[in-house]
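Values in this document were obtained by computation on a predicted structure and should not be read as measured data.
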Amino acid sequence: MAERIVAGAMIKDGRILLCHRSPNRRWYPDVWDLPGGHVESGETSTEALKRELLEELGVSVRSLARSPLDRVRTSEFELDIWPVTDWHGTPANLVPDEHDAIAWFAAEDLTTLEMAHHSYLALLGTALRARQS
């Protein structure tokens with residue numbers, strides 16, 4: 001059975017927050033990724049996302065869209081990507097063993113990054129442009 005994973009596309013001021021996965025990570029090391037993690041038993045996708053963003057970045061999500069921005073399915077995992085535009089707190093890297101950096105990127109910056117999944121570039125560029133209109 002595929003792992004259930006959630007991620008948040010945190011967008012503010014025309015930029016998206018990405019986390020750089022530490023080079024020693026077993027899964028997808030040394031690439032830029034969205035913040036998030038595994039859905040635990042008994043959790044909904046949105047509950048897991050709120051918990052993960054609080055644990056990883058110290059932010060409290062105030063509201064979420066009714067449906068994910070996208071769903072990525074592989075034989076190993078099923079990932080729901082949620083747009084996150086309303087939160088309380090300033091994102092900080094609270095798990096340096098998982099991420100060795102966090103940073104905000106504009107759409108034009110994304111093409112220079114090695115991403116965790118090939119679909120991210122188009123998806124995140126579209127999400128950023130939608131927030132600007």
Side-chain angles (χ1 to χ4, degrees):
M1 181 176 203
E3 297 274 342
R4 289 181 54 222
I5 303 171
V6 292
M10 296 180 66
I11 298 171
K12 183 177 182 178
D13 300 328
R15 298 168 84 78
I16 191 159
L17 183 76
L18 296 176
C19 302
H20 187 264
R21 293 178 63 86
S22 298
N24 60 348
R25 298 289 301 184
R26 190 176 94 192
W27 295 93
Y28 300 95
D30 204 24
V31 292
W32 288 94
D33 201 0
L34 295 164
H38 293 270
V39 178
E40 295 180 358
S41 179
E43 276 185 321
T44 65
S45 183
T46 56
E47 290 168 342
L49 180 61
K50 290 176 181 181
R51 176 185 50 76
E52 287 285 350
L53 294 182
L54 185 60
E55 290 173 1
E56 290 186 8
L57 302 172
V59 298
S60 298
V61 175
R62 290 185 177 153
S63 65
L64 285 171
R66 291 184 182 182
S67 60
L69 184 63
D70 197 16
R71 176 170 283 159
V72 177
R73 288 187 174 125
T74 73
S75 60
E76 298 173 329
F77 64 84
E78 182 176 290
L79 167 66
D80 285 341
I81 301 171
W82 293 86
V84 181
T85 56
D86 188 17
W87 66 86
H88 176 72
T90 301
N93 186 9
L94 302 182
V95 287
D97 56 320
E98 291 185 27
H99 308 116
D100 56 12
I102 64 171
W104 293 95
F105 295 96
E108 59 270 15
D109 302 326
L110 298 177
T111 59
T112 65
L113 305 176
E114 186 169 348
M115 301 286 216
H117 194 269
H118 63 85
S119 68
Y120 281 6
L121 184 60
L123 173 70
L124 302 181
T126 299
L128 282 166
R129 286 187 292 280
R131 292 294 301 166
Q132 291 173 346
S133 43

Kindly work out whether a path of hydrophobic side-chain contacts (I/L/V/M/F/W/Y, heavy atoms less than 4.5 Å apart) joins [X] to [Y].
X      : Y      : result
Leu17  : Val61  : yes
Ile11  : Trp104 : no
Val6   : Leu69  : no
Leu123 : Phe105 : yes
Leu128 : Ile81  : yes

Reported [atom1]-to-[atom2] distance for the pair [X] and [Y], which is rounded to 0.5 angstrom:
X     : Y      : atom1 : atom2 : answer
Arg15 : Leu124 : CZ    : CG    : 14.0 Å
Asp30 : Arg21  : CG    : CZ    : 11.0 Å
Thr74 : Glu3   : OG1   : CD    : 10.0 Å
Asn24 : Asp97  : CG    : CG    : 8.0 Å
Leu79 : Asp70  : CG    : CG    : 8.0 Å
Glu76 : Tyr28  : CD    : OH    : 5.5 Å

Nearest atoms (heavy-atom pairs only) where [X] meets [Y]:
X     : Y     : answer
Pro29 : Pro23 : CB-O, 3.3 Å
Glu55 : Val95 : O-CG1, 4.2 Å
Gly36 : Glu52 : O-OE1, 3.5 Å
Ser45 : Asp80 : OG-OD2, 3.3 Å
Ser75 : Ala2  : O-CB, 4.1 Å
Cys19 : Leu57 : SG-CD2, 4.4 Å

Exercise for the section: Evaluate the criterion side chain to side chain contact (heavy atoms under 4.5 Å, CB included) for residue pair Leu49 and Val84; output intermediate values, then yes/no. Expected result: CA-CA 10 Å; Leu49 180 61; Val84 181; 4.0 Å; yes

Exercise for the section: Determine whether more than 12 heavy atoms belonging to other residues, nucleotides or ligands lie under 6.0 Å from atom CD of Glu114. Expected result: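 Counting neighbours around CD of Glu114, 12 or fewer heavy atoms of other residues, nucleotides or ligands fall under 6.0 Å, so no.
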
Exercise for the section: Kindly state whether the ring of Tyr120 and the ring of Trp32 have centres lying under 6.0 angstrom apart. Expected result: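 No - the distance between ring centres of Tyr120 and Trp32 does not fall below the 6.0 Å cut-off.
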
Practice task
Under the side chain to side chain contact (heavy atoms under 4.5 Å, CB included) rule, what do His20 and Leu113 come out as? Steps first, then yes or no, please.
Solution key: CA-CA 10 Å; His20 187 264; Leu113 305 176; over 6 Å; no

Problem - Ionic contact status for Glu78 with Arg4, cut-off 4.0 Å - result: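 Salt bridge between Arg4 and Glu78, a charged N being under 4.0 Å from a carboxylate O: no.
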
Exercise for the section: Let me know which of Leu18, Leu94, Asp33, Asn93 forms a side chain to side chain contact (heavy atoms under 4.5 Å, CB included) with His99. Expected result: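 Among the candidates, only Asn93 passes.
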
Problem - Sequence-distant partners of Ala122, side-chain contact (heavy atoms from CB on, under 4.5 Å), two or more places apart - result: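 Ala122 satisfies side-chain contact (heavy atoms from CB on, under 4.5 Å) with no residue once adjacent residues are dropped.
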
Practice task
Run the numbers on Leu110 and Ile16 for side chain to side chain contact (heavy atoms under 4.5 Å, CB included), then give the verdict.
Solution key: CA-CA 9 Å; Leu110 298 177; Ile16 191 159; 4.2 Å; yes

